[in-house]
Structures are given as C-alpha cells and as structure tokens.
Amino acid sequence: MFSKILKIAVATSVLCLSLSASELNLRGDGVEVKFNDKTYNIKRIHDEECRNINGADPINIWSGNYAKEGLSSKCVKKFITTVGKITPIKITDEIQTIGEIEVINFIKKSQNRDDMLLIDARLPAWFLQMSIPTAENIPFPYFNKDKYPDDFYDVLDMIGVKEVSKGKYDFSKAKELVLFCNGAWCPQSTLAIENLIKLGYPQDKISWYRGGMYSWKMLNLTTTSE
C-alpha cells in the first residue's frame, strides 16, 4: 500500500515539475527577457554530449560522489560542501523563500517594471565573476547604515525608500525585492534582509532565493558576468 502511494506521489510530483518546466521551456528555447537595453536568454545549458546520459547512480551516493564515474567534465560540476553555516528555510513567516522557477518568473515579470528588483547581495568580486541575469549588485554591508552611511542612502534610493526624518522612512514606493547570495550556507543575503527588517521594510515585499548561485549553477542555468 505504501509503495503504491509513494509511486503515485512521485508521479504527481514529476507531472507538476514537468508542467512548470514545459511552461518555461528551460530545456528548449529558454526564456527571453529584456532588461536595461540588454537581452538575456535564461535556460538550462546542455552540452550535446550530456543530453542523453543517465548521470546519476544510487550506489555512488554513499561515496559522496553522486555523478557516475567517467562522465565528461562538461556534464559534472564540483562544489564545496563544508563552508559556511546552513541557513534555515525561512527567515520570518512573512518573507517568502523561493526557488529557481519563482526567480525566473520574477525576472520575466520585472523586465518592464521599475518597482521590482533582483538583488545579488554578495561582494563585488563575486558578482563580477558570475551572477543571475538582470541582478543588481547591492553588497550586503551597504544595508548597514552605521557602517556604510553614504552607501546606505544609495541603497535606499535603489529600493524606493526615502528617509523622512531621522530613523523614519517612507515605504510607499518600496520595491518588490528578491535577494540571494552564494547558497544555503551563505549569510550575506540574510544579513541584508535582517537590516531591511530593522529598517521597517515591508516584509511582504521581500523574497529570498535561499539556493543562490550554488543551486542556480547546479541546474546549469544561464549566468552573466561583468
């Protein structure tokens, strides 16, 4: 009975995932977006050599290597597994934690709007190497008024907030934000969000892409570099 229920659940999950992937066509033509006079095509990048292989082997899980031995380097990525501190799945009850499909939908929706902003909260050296298409680099320290007051006010301008008096802010034009950094072990986006919360920023206008660049690259989605 349990086995039958499990099969049904797996089939349903696969169906839902397939529908989402089909709608966005990430394995085909991708999703074309225009942003700041640039055109990006977001898709899962597949080398021809990798398209028709079954790259996973359950036996390998116990060795720590999920990919089969002998696969081309084009089909495999290596990640550091012990850095940082694992973050919880939720920051607050009001702030939504999202995944790749939601990020891509946000990018699609925001390309013709000024009230939505995808924020790469990492330091510039990381951003310049690689980021998610359309992301603006606002390094996490700049959300801290006490440490970087000049940059802090630039951040306020970027996210649509005005200081009406000392310590009081006007959020009437606050933008809808998605923040990310390097991955589930990276604290940079959470530090930025924590400072936004202290500021009084509307939490229902904040979303957090917890997987960050690690998850984005793991799925081989389109990246940009400066």
Side-chain angles (χ1 to χ4, degrees), residues 33-40 83-88 90-98 102-103 106-107 109-217 223-226:
V33 295
K34 294 182 179 179
F35 186 79
N36 288 345
D37 298 324
K38 293 183 179 179
T39 300
Y40 302 94
V83 296
K85 182 179 179 182
I86 298 175
T87 54
K90 288 182 72 69
I91 296 176
T92 70
D93 289 337
E94 291 79 19
I95 294 173
Q96 186 179 12
T97 304
I98 62 175
E102 290 80 11
V103 172
F106 183 90
I107 292 171
K109 187 177 178 182
S110 67
Q111 59 185 318
N112 295 315
R113 292 176 55 171
D114 295 326
D115 61 344
M116 301 174 71
L117 188 62
L118 176 64
I119 298 175
D120 184 335
R122 300 175 300 161
L123 296 174
W126 290 88
F127 174 77
L128 293 173
Q129 287 294 319
M130 184 181 298
S131 192
I132 296 173
T134 78
E136 296 281 356
N137 185 210
I138 308 181
F140 72 96
Y142 296 168
F143 289 82
N144 189 323
K145 181 181 179 180
D146 296 332
K147 292 184 177 180
Y148 294 90
D150 293 338
D151 296 303
F152 171 79
Y153 285 102
D154 288 338
V155 172
L156 291 188
D157 185 59
M158 291 183 72
I159 63 178
V161 177
K162 290 185 178 181
E163 187 176 38
V164 292
S165 62
K166 188 175 182 180
K168 293 185 179 180
Y169 302 92
D170 178 6
F171 298 105
S172 61
K173 294 184 179 180
K175 297 182 181 182
E176 185 179 345
L177 309 177
V178 170
L179 292 93
F180 69 92
C181 52
N182 270 324
W185 50 266
C186 175
Q188 297 176 5
S189 55
T190 59
L191 289 170
I193 290 172
E194 286 169 5
N195 276 305
L196 286 172
I197 293 171
K198 290 177 184 177
L199 198 68
Y201 202 92
Q203 294 186 38
D204 61 351
K205 290 193 172 185
I206 303 173
S207 294
W208 177 42
Y209 176 33
R210 179 177 181 265
M213 291 306 302
Y214 260 38
S215 293
W216 193 264
K217 281 298 291 177
T223 59
T224 57
S225 59
E226 295 294 326

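This is a predicted model, so every value here is computed, not measured.
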Could you tell me whether [X] atom [atom1] has more than 12 heavy atoms of other residues or ligands within 6.0 Å of it?
X: Tyr169; atom1: OH; answer: yes
X: Trp126; atom1: CH2; answer: no
X: Glu94; atom1: CD; answer: yes
X: Lys90; atom1: NZ; answer: yes

Roughly how far, to the nearest 0.5 Å, is the [atom2] atom of [Y] from the [atom1] atom of [X]?
X: Thr134; Y: Lys34; atom1: OG1; atom2: NZ; value: 15.0 Å
X: Ser131; Y: Phe180; atom1: OG; atom2: CZ; value: 3.5 Å
X: Glu102; Y: Thr97; atom1: CD; atom2: OG1; value: 10.5 Å
X: Met213; Y: Asn182; atom1: CE; atom2: CG; value: 7.5 Å
X: Cys186; Y: Arg210; atom1: SG; atom2: CZ; value: 11.5 Å
X: Tyr201; Y: Leu156; atom1: OH; atom2: CG; value: 9.5 Å

Check [X] against [Y] and note the closest heavy-atom contact, atom names and distance.
X: Ala135; Y: Asp120; answer: CB-CB, 4.2 Å
X: Pro124; Y: Asn137; answer: CA-OD1, 3.4 Å
X: Phe35; Y: Gln111; answer: CD1-CA, 4.4 Å
X: Asp114; Y: Lys175; answer: O-CE, 2.9 Å
X: Phe152; Y: Leu199; answer: CZ-CD1, 3.6 Å
X: Tyr209; Y: Ser215; answer: OH-CB, 3.5 Å

Can you confirm whether [X] sits close enough to [Y] that some side-chain heavy atom of one is under 4.5 Å from a side-chain heavy atom of the other?
X: Asp154; Y: Tyr142; result: no
X: Arg122; Y: Gln129; result: no
X: Lys38; Y: Pro133; result: no

Please confirm whether the backbone N or O of Leu191 pairs with a side-chain atom of Asn195, one donor and one acceptor, at under 3.5 Å?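 Side chain of Asn195 to backbone of Leu191: a pair is present.
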Begin with the C-alpha distance, continue with both residues' side-chain angles, and end with the deciding distance and a verdict on side chain to side chain contact (heavy atoms under 4.5 Å, CB included) for Leu196 and Phe143. CA-CA 7 Å; Leu196 286 172; Phe143 289 82; 3.9 Å; yes
Apply the test side chain to side chain contact (heavy atoms under 4.5 Å, CB included) to residues Ile138 and Leu117: give CA-CA distance (whole Å), side-chain angles for both, the deciding distance (0.1 Å), then the verdict. CA-CA 11 Å; Ile138 308 181; Leu117 188 62; 4.1 Å; yes
Option among Ile98, Ile107, Ile206, Ile132 that satisfies the side chain to side chain contact (heavy atoms under 4.5 Å, CB included) test with Val178: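 When Ile98, Ile107, Ile206, Ile132 are each tested with Val178, the side chain to side chain contact (heavy atoms under 4.5 Å, CB included) holds only for Ile98.
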Quick one: do Gln203 and Ile91 satisfy side chain to side chain contact (heavy atoms under 4.5 Å, CB included)? Show the steps, please. CA-CA 10 Å; Gln203 294 186 38; Ile91 296 176; over 6 Å; no
Hey, would you say the Tyr214 and Trp185 ring centroids sit under 6.0 Å apart?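 When the ring centroids of Tyr214 and Trp185 are compared, they turn out to be within the sub-6.0 Å range.
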Please determine whether side chain to side chain contact (heavy atoms under 4.5 Å, CB included) holds for the pair Ile193 and Phe140, giving the CA-CA distance in whole Å, both sets of side-chain angles, and the decisive distance to 0.1 Å. CA-CA 9 Å; Ile193 290 172; Phe140 72 96; over 6 Å; no
If we ignore angles and hydrogens, is there a donor and acceptor under 3.5 Å between the side chains of Ser189 and Trp208?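 The criterion, which ignores hydrogens and geometry beyond distance, is satisfied for Trp208 and Ser189.
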